[in-house]
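The figures that follow rest on heavy atoms only: side chains count, while hydrogens, waters and symmetry mates do not. Throughout, a chain's letter reflects where its sequence line sits, starting with A, and its residues are numbered from 1.
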Protein chains: 2
Amino acid sequence: MAPSDGNMREKIRQVALESFTERGYDGTSLREIAEQLDVTKAALYYHFKSKDAILLSLIVELLDAMSELVAWGREQPFSPDFQDEMLDRVADLFFGDANRVVRLIQQNQPVLRSLAADAANKQVRDVGELKALIGEVITLMTPADCDLHTRMRIRTAVAAIIFGPITGEQLGDTLEASPDEQKKISLAIARELLAI
Amino acid sequence: MAPSDGNMREKIRQVALESFTERGYDGTSLREIAEQLDVTKAALYYHFKSKDAILLSLIVELLDAMSELVAWGREQPFSPDFQDEMLDRVADLFFGDANRVVRLIQQNQPVLRSLAADAANKQVRDVGELKALIGEVITLMTPADCDLHTRMRIRTAVAAIIFGPITGEQLGDTLEASPDEQKKISLAIARELLAI
DNA sequence: GTCTATAAGTAGATAGAC
DNA sequence: GTCTATCTACTTATAGAC
């Protein structure tokens with residue numbers, strides 16, 4: 001095989017993301033990934049030191065974006081405008097490329113749990129961190145003194161944005177609407193929830 | 001080992017549900033299940049003809065409950081009261097035992113897809129049917145002539161009920177509330193969405 | 001950077017004794 | 001109903017040639 005043009009690592013990432021969400025992490029063998037790229041299994045090991053490392057590299061991307069978002073949020077004073085702006089940023093993220101990673105995470109939680117377990121020993125980014133980051137986004141969006149009902153409304157609003165892009169397929173209802181339309185309406189509904 | 005007391009099949013189901021959601025379907029070997037029950041792998045094969053069959057039997061339970069719900073819904077005339085009643089029934093189901101099966105399904109979609117693929121050949125219940133059933137519940141709850149925004153509000157409301165019991169753990173926010181309280185408030189929020 | 005070859009392990013499933 | 005023993009078919013991962 002001719003040497004790759006230098007972005008084999010990225011190609012592997014993309015094929016892996018596709019395969020992992022399609023047939024699952026466990027259900028995808030490195031052989032399959034290699035075949036799709038017309039290389040051998042062993043070649044993959046040149047670019048990633050293990051199968052786990054491929055999965056991890058996909059998730060770290062989202063982890064980094066969320067870390068940045070939270071860092072920004074921490075420096076903003078709470079206000080309705082802040083809620084709005086935060087919601088917008090979350091939507092930009094999760095209606096973008098990140099939604100495929102969300103699917104990946106949702107569909108492979110057991111694997112990720114075991115990955116997180118030994119991440120602690122290896123000084124790798126903890127995959128479970130994402131949950132904490134989302135939790136903090138919700139906390140940041142929640143006013144100091146508010147009742148349980150209001151807090152759950154905020155949670156529902158954020159969930160609608162984060163899981164919105166993939167609930168359609170999970171719920172089996174058929175909405176004839178472009179992704180952009182869906183994003184706009186999801187945001188509108190989330191705001192309605194915050195405004196009640 | 002002494003002969004089981006006659007409900008070994010059910011014991012296997014329960015241990016499997018626990019293990020499948022904890023470590024995933026692929027991540028759970030029949031050996032592990034057998035060990036937890038203090039029997040050997042081979043013994044499982046007396047009760048289930050394959051590993052798939054165990055998984056399937058767990059899901060069919062929810063499938064049956066949903067089929068019943070849809071059958072009931074089809075015979076009701078549409079009205080706001082019907083929406084309310086349907087929401088209640090969905091909540092009873094998904095805040096009950098079914099939520100563990102939802103987790104199971106959500107966390108093992110790739111496996112289920114391949115299971116569904118050959119279900120057609122074997123005259124087994126199609127696992128993907130669940131999506132269609134939920135889709136129909138949403139359709140039944142949706143008035144004849146209504147705009148996209150309203151339809152997405154209804155979808156969001158139903159999603160909040162179905163995924164409500166498990167979004168807490170997925171979103172990493174910490175709500176100090178009993179399951180019963182959460183159910184009540186989730187239903188209230190879903191109704192707020194329908195009432196907008 | 002990619003290859004062949006193979007190690008070393010584990011999985012699901014079956015046969016047949018008890 | 002449960003056991004022991006075994007088969008077949010993978011898997012991830014490594015070693016070393018090119």
query = Leu140(B) versus Met86(B): any side-chain heavy-atom pair under 4.5 Å?
reply = yes
Glu32(A) with Arg23(A): basic N within carboxylate O range, under 4.0 Å = yes
ask   = Quick one: which of dA13(D), dG12(C), dC3(D) gets closest to the side chain of Val39(B)?
value = dC3(D)
request  = Check DNA chain D against residues 14-29 of chain A and give the residues with a non-hydrogen atom under 4.0 Å, in numerical order.
outcome  = Thr28(A), Ser29(A)
request  = Taking only Lys NZ, Arg NE, NH1 and NH2, and the carboxylate oxygens of Asp or Glu, determine whether Arg13(A) and Glu10(A) approach each other closer than 4.0 Å.
outcome  = yes
ask   = When you check the gap from the basic side-chain N to the acidic O, do Arg74(B) and Glu136(B) get nearer than 4.0 Å?
value = yes
Rounded distance (Å) that lies between atom P of dA13(D) and atom CD1 of Ile33(A) = 12 Å
query = How many Å lie between NZ on Lys51(A) and C1' on dT14(D), as a whole number?
reply = 17 Å
inquiry  = Can you see whether Phe95(B) has Lys184(B) sitting over its ring - NZ or CZ less than 6.0 Å from the centre and within 45° of the normal?
reply    = no
query = Is it the case that Gln106(B) and Gln170(B) place a side-chain donor and acceptor less than 3.5 Å from each other?
reply = yes
remark   = Atom CG of Asp38(B) and atom P of dT2(D) are separated, to the nearest Å, by 12 Å
task = Quickly work out the Glu35(B) CD to dT4(D) P distance and round it to whole Å.
result = 12 Å
task = For Leu30(B) and dA13(C), give me the distance from atom CG to atom P, rounded to whole Å.
result = 7 Å
message = Does dA11(C) have OP1 or OP2 under 4.0 Å away from a side-chain N or O of Arg31(B)?
response = yes
query = Among the nucleotides dA13(D), dA13(C), dC3(C), which one has an atom lying closest to any side-chain atom of Ser50(B)?
reply = dA13(C)
message = Less than 4.0 angstrom between a side-chain N/O of Thr40(A) and OP1 or OP2 of dC3(C), yes or no?
response = yes
request  = Please say whether more than 12 non-hydrogen atoms of neighbouring residues, nucleotides or ligands are located less than 6.0 Å from CD in Gln14(A).
outcome  = yes
ask   = Any side-chain N or O of Tyr46(B) less than 4.0 Å from the OP1 or OP2 oxygen of dT2(D)?
value = no
ask   = Separation of Leu44(B) atom CG from dG12(C) atom C1', in whole Å?
value = 11 Å
inquiry  = Check Arg191(A) with Asp88(A), please: is the shortest side-chain N to carboxylate O separation under 4.0 Å?
reply    = yes
request  = Could you go through the side-chain contact (heavy atoms from CB on, under 4.5 Å) check for Phe94(B) and Met66(B) one step at a time?
outcome  = CA-CA 10 Å; Phe94(B) 287 91; Met66(B) 279 298 290; 3.8 Å; yes
ask   = Are Glu176(B) and Arg151(A) within salt-bridge range, i.e. N to O under 4.0 Å?
value = yes
query = Does any donor atom in the side chain of Gln36(A) or Arg31(A) lie under 3.5 Å from an acceptor atom in the other side chain?
reply = no
Watson-Crick or G-U stems involving DNA chain D, each at least 3 pairs long, distances under 3.5 Å, ordered by first number = C:1-18 with D:1-18
Rounded distance in Å - CD1 (Ile12(B)) to P (dG12(C)) = 14 Å
Show the distances under 3.5 angstrom between N or O atoms of the protein and N or O atoms of nucleotides 15-18 of chain D.
none

inquiry  = Out of the candidates Gln107(B), Arg103(B), Glu22(B), only one should pair with Gln109(A) under the side-chain hydrogen bond (donor to acceptor under 3.5 Å, both in side chains) rule; please name it.
reply    = Gln107(B)
inquiry  = If I take atom CZ in residue Phe48(A) and atom C1' in nucleotide dT12(D), what distance separates them, rounded to the nearest angstrom?
reply    = 16 Å
